[in-house]
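Ligands are counted one by one from 1 in listed order, and the atoms in each one are counted from 1 as well. We use all heavy atoms of the structure for the numbers below, so side chains are in, but hydrogens, waters and symmetry mates are not.
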Amino acid sequence: MATLIVALDLPEKDAALALAEKLRRVDGWIPWCKVGLELFTVCGPALLESLNKLGYKIFLDLKFYDIPHTVAGAVRAAAFYADMLTLHCQGGERMCRAARRMLETLAHEGSLRKTAEMLESSGRPDVSPLLFGVTALTSFAAGEMPGVALTPSAFAVYLAAKARAWGLDGVVCAGTEVKRIKAGSPGLACLCPGIRPQGFAADDQRRVMTPREAVQAGADFLVIGRPILSASDPVGTLSGILQEICS
Ligand code: C5P
């Protein structure tokens, strides 16, 4: 079954922790949250520790994009807190490989956050964070990517084909691209934003799918923010989405 990640795209710590506290008891949900640019810039790593204490796995979505040395340094810092982190595939082969090498070095040094509790909850032999590459942002429609002649979907499929060889565990892509990506790179995991249950506004997202459609297409992770954050009943909305993808 796909893993559902709630994007805590909120402007401050108290609101984020209050929502995390409410959601974590939803039946049948493994609590996974995304902390992104806004919340991390406001709160820093202390918030990640608090979320971790609440039992959350952390998708730290800072979308690194810089020279290989700088990204490797950022990965070193993020690896201590995150279960999953992102960089831009557009950073290219040397940048992606530098990130992977850093994770391997940390694992080798034993300097990842390897507590017994984490090892148990991760279900993995080590707790090296999963490394995901952003392909084409789900907010891009055709013709909107500066300097790129391909459609966003074609560009996402093109970058995903490189990602595995460059050492990434998965890619961030639209649900509409999952089937083509999996056909070309069967071992690559797909994490899909741009998820909108029936009847919810697309907001700034352009390449959208319902939770059920994305799961049927083969998505491994769904990341959902505003449909849950702006609901009058976030707990009920999350439960409804879980039911939709499980039934
Ligand atoms: O509110 P909404 O459900 O659109 O949130 C989607 C989340 O996924 C946001 O936190 C956004 O930063 C993230 N994301 C995205 N597109 C990507 C990568 C991440 O929308 N390509």
Nearest-0.5 Å distance, OG1 of residue Thr237 to CZ of residue Arg226: 15.0 Å
Can [Y] be reached from [X] by stepping across I, L, V, M, F, W or Y side chains whose heavy atoms are under 4.5 Å apart?
{"X": "Phe64", "Y": "Phe40", "value": "yes"}
{"X": "Leu87", "Y": "Leu106", "value": "yes"}
{"X": "Ile195", "Y": "Leu19", "value": "yes"}

Show which atoms of ligand 1 fall inside a sub-4.0 Å distance from at least one heavy-atom site of [X].
{"X": "Val223", "answer": "8 (O)"}
{"X": "Val172", "answer": "17 (C), 18 (C), 21 (N)"}
{"X": "Ile224", "answer": "3 (O)"}
{"X": "Ala7", "answer": "10 (O)"}
{"X": "Pro227", "answer": "3 (O)"}

Identify the closest protein heavy atom to [atom]: which residue and atom is it, and at what distance?
{"atom": "atom 17 (C) of ligand 1", "value": "Pro193 CG, 3.5 Å"}
{"atom": "atom 19 (C) of ligand 1", "value": "Lys63 NZ, 3.3 Å"}
{"atom": "atom 16 (N) of ligand 1", "value": "Thr138 OG1, 3.0 Å"}
{"atom": "atom 12 (O) of ligand 1", "value": "Lys34 NZ, 2.7 Å"}
{"atom": "atom 9 (C) of ligand 1", "value": "Asp9 OD2, 3.2 Å"}

Neighbour count >12 (heavy atoms, 6.0 Å) for atom NZ, Lys13: no
Donor-acceptor contact below 3.5 Å, side chain Ser185 vs main chain Leu188: no
Pick one of side chain, backbone, both or neither for how [X] approaches ligand 1, counting any non-hydrogen atom pair under 4.0 Å.
{"X": "Ser139", "result": "neither"}
{"X": "Thr86", "result": "neither"}
{"X": "Leu137", "result": "both"}

Aromatic ring proximity Phe132/Phe221, centre distance under 6.0 Å: yes
Salt bridge present between Asp233 and Lys22 (N-O < 4.0 angstrom): no
Steps toward side-chain hydrogen bond (donor to acceptor under 3.5 Å, both in side chains) verdict (Thr86, Asp61): CA-CA 5 Å; Thr86 46; Asp61 184 26; 2.7 Å; yes
Least distance between heavy atoms, Cys33 atom then Leu8 atom: CB-CD1, 3.8 Å
From the candidates Gln205, Arg226, Arg196, the one that places a heavy atom nearest atom 20 (O) of ligand 1: Gln205
Contact (N/O only, under 3.5 Å) between Gly225 and ligand 1: yes
